[in-house]
Amino acid sequence: MPEGPELHLASRFVNLACRGLVFCGAVEKSPVSRNPEVPFESSAYCISATARGKELRLTLSPLPGAQPAREPLALVFRFGMTGSFQLAPAEALPPHAHLRFYTASHAPRLALCFVDIRRFGRWDLGGEWQPDRGPCVLLEYEQFRENVLRNLADKAFNRPICEALLDQRFFNGIGNYLRAEILFRLRIPPFEKARTVLEDLLHHRLSPELTLSQKIRAKLQNPDLLELCHLVPKEVVQLGGKGYGPDHGEEDFAAFRAWLQCYSVPGMSSLRDRSGRTIWFQGDPGPLAPKGGKSRKKKSQETHPGPLEEMEGPSKTPGAEQDLPEVTTAWQPEGPGLQLDPGAPTVREKGRRRRRQATTDRRRPQKRKVDTPSEEPGDTIVS
């Protein structure tokens, strides 16, 4: 699922791609989308974007003299699992382009498209950010930090820290891969109680005798959890790429793979939290780990799939069908296998059943096993 950095990169892409372009006509919605129609039509307008946490605001602004005379219209997008923006020729729209804005030029005519393979993405008219979402971890760091520390009595912080980090009332922009990377860097067990982790920050103060440059250096060298909620997403933004704009490619994903230290990395363990999301970590999971949950380690293989094949971010290629939510691999049981008598008839019977099942499976269309997500998995905005 696209997280704060991806929404920020998407807004950057829209602003760069649409700079100097004039759009005209009506906004076109695909018939299969259940999102609202966009009642906007103009003979000449421009498009700009800004992001906040896991939301992106698109503003349609009529140019001077455009007909009919009207006020700008703003839309707020949430990308769901697979949303992204693409600029494409109007005669060759990408698959799953559920909202289209057409340019006035016919040489060639282009369309800015909101592309969403799984159709979990949403847009709302009016341009208002969702009121229950907290300040953006990327762009509103001071307000974000204050909002968390001021509300530590909230019952959201009774939960494990890995689950609290997905609560968009407090961590707007943090998602599944970011929470894993942040907790890993601080060696915080993912199922430690959130309040236990965060209460220490209320009393942590740098010495007043330090100079400003010394304080900045100390924070950069030893950031706390809330500071990493700001710094780690910034690192992803600085990587750039990740499927947005005309220059996206495999090199973007290679850079992102190299950046990952924990999420879906071989050698790391994983558990499901109470919402069904997989959290990757190393070492002890913590005292609030799910009862009966068995930690699985990502096995190192010479040809293991890259982490982005399991990412909930934008696809590498426009319209790529492989951009699915987090994939659950079929893990082999750990430890020695069950020793059976090779001469026992049950073994031969099982062998026959396996052969029959294998024959049947080859005839039956195969389905890729994926997590079944909620509409916006991880975007918890109510307690």
Side-chain angles (χ1 to χ4, degrees), residues 1-3 5-51 54-62 72-125 127 240-249 252 312-324 375-376:
M1 177 178 181
E3 302 181 16
E6 287 73 48
L7 273 291
H8 185 84
L9 288 167
S11 69
R12 178 187 293 179
F13 164 70
V14 169
N15 289 329
L16 289 174
C18 297
R19 181 183 297 167
L21 294 180
V22 176
F23 293 81
C24 75
V27 179
E28 189 174 270
K29 182 178 82 74
S30 72
V32 298
S33 174
R34 290 178 291 182
N35 283 301
E37 297 282 349
V38 178
F40 183 90
E41 185 169 1
S42 175
S43 60
Y45 67 96
C46 61
I47 295 178
S48 60
T50 184
K54 286 193 180 183
E55 295 182 296
L56 180 146
R57 178 190 289 146
L58 204 68
T59 302
L60 316 179
S61 303
L73 176 70
L75 310 169
V76 170
F77 290 79
R78 292 175 292 281
F79 280 18
M81 294 292 291
T82 56
S84 68
F85 278 98
Q86 296 177 26
L87 189 66
E91 301 302 318
L93 295 176
H96 315 288
H98 297 299
L99 199 63
R100 283 96 66 171
F101 309 86
Y102 292 96
T103 63
S105 172
H106 291 274
R109 195 180 190 203
L110 302 173
L112 179 68
C113 306
F114 179 66
V115 179
D116 187 10
I117 297 170
R118 299 193 60 140
R119 301 210 300 270
F120 290 136
R122 295 288 179 266
W123 62 77
D124 293 323
L125 305 177
K242 295 203 65 190
Y244 292 112
D247 299 324
H248 73 277
D252 299 331
E312 301 121 331
S315 62
K316 303 179 192 176
T317 307
E321 295 290 345
Q322 69 267 30
D323 189 16
L324 297 173
E375 181 175 301
E376 285 197 48

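Quantities reported herein were computed from a predicted structural model and do not represent experimental measurements.
Note that CD of E28 and CG of L99 are 9.0 Å apart. Values are rounded to the nearest 0.5 Å. Distance check, rounded to the nearest 0.5 Å: CG of L58 to OG1 of T50 gives 10.5 Å. Here the CG atom belonging to L56 is positioned 11.0 Å from the OG atom belonging to S84, to the nearest 0.5 angstrom. To the nearest 0.5 Å, atoms CZ (R100) and CD (Q86) are separated by 12.5 Å. For the atom pair OG of S48 and CG of L60, the computed distance is 8.5 Å after rounding to the nearest 0.5 Å. Expressed to the nearest 0.5 Å, how far CG of D124 lies from CZ of R78 amounts to 4.5 Å.
The two atoms that bring A44 and C24 nearest to each other are N-CB, 4.4 Å, heavy atoms only. L7 approaches K54 most closely through the heavy-atom pair CG-C, 3.8 Å. Shown here for S11 and H8, the closest heavy-atom pair between the two residues is OG-O, 2.7 Å. In this structure, L125 and E37 approach most closely via the heavy-atom pair CD1-O, 3.7 Å.
Between S30 and H98, the side chains place a donor N or O and an acceptor N or O closer than 3.5 Å (distance only, hydrogens not considered). Between the side chains of D116 and T82, at least one donor N or O lies within less than 3.5 Å of an accepting N or O.
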Verdict with supporting geometry, L21 and I47, side-chain contact (heavy atoms from CB on, under 4.5 Å): CA-CA 8 Å; L21 294 180; I47 295 178; over 6 Å; no

Ring pair (Phe, Tyr, Trp, His ring centres under 6.0 Å) between F23 and Y45, intermediate numbers included: CA-CA 5 Å; F23 293 81; Y45 67 96; 5.8 Å; yes

May I have the step-by-step check of side-chain contact (heavy atoms from CB on, under 4.5 Å) for L93 and C113, ending in yes or no? CA-CA 8 Å; L93 295 176; C113 306; 3.8 Å; yes

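With sequence neighbours excluded, the residues that form a side-chain contact (heavy atoms from CB on, under 4.5 Å) with S43 are A66, Q67. Partners of R12 according to the side chain to side chain donor-acceptor pair (under 3.5 Å) rule, which considers only residues two or more places apart in sequence or in another chain, do not exist here. Under the side-chain contact (heavy atoms from CB on, under 4.5 Å) criterion, A90 pairs with Y102, R109, sequence neighbours left out.
Distance alone, capped at 3.5 Å, is enough to place a donor-acceptor pair between the N15 side chain and the A49 backbone. Checked by atom type and distance alone, the side chain of W123 pairs as donor or acceptor with a backbone atom of P36 at under 3.5 Å. Proximity of a side-chain donor or acceptor of T103 to a complementary backbone N or O of L110 within less than 3.5 Å is detected.
Using a 4.5 Å heavy-atom threshold, the side chains of R57 and L75 count as separate. Taking the side chain as every heavy atom from C-beta outward, L112 and F85 approach each other to under 4.5 Å. Looking at heavy atoms from C-beta onward, E41 lies out of side-chain contact with V27 at the 4.5 angstrom threshold. Between P62 and S42 there is a side-chain heavy-atom pair separated by less than 4.5 Å.
Separation of the F120 and F79 ring centroids does not fall under the 6.0 Å cut-off.
Note on ring orientation: taking the six-membered ring where Trp is involved, the planes of F114 and F77 are tilted (angle from 30° to 60°).
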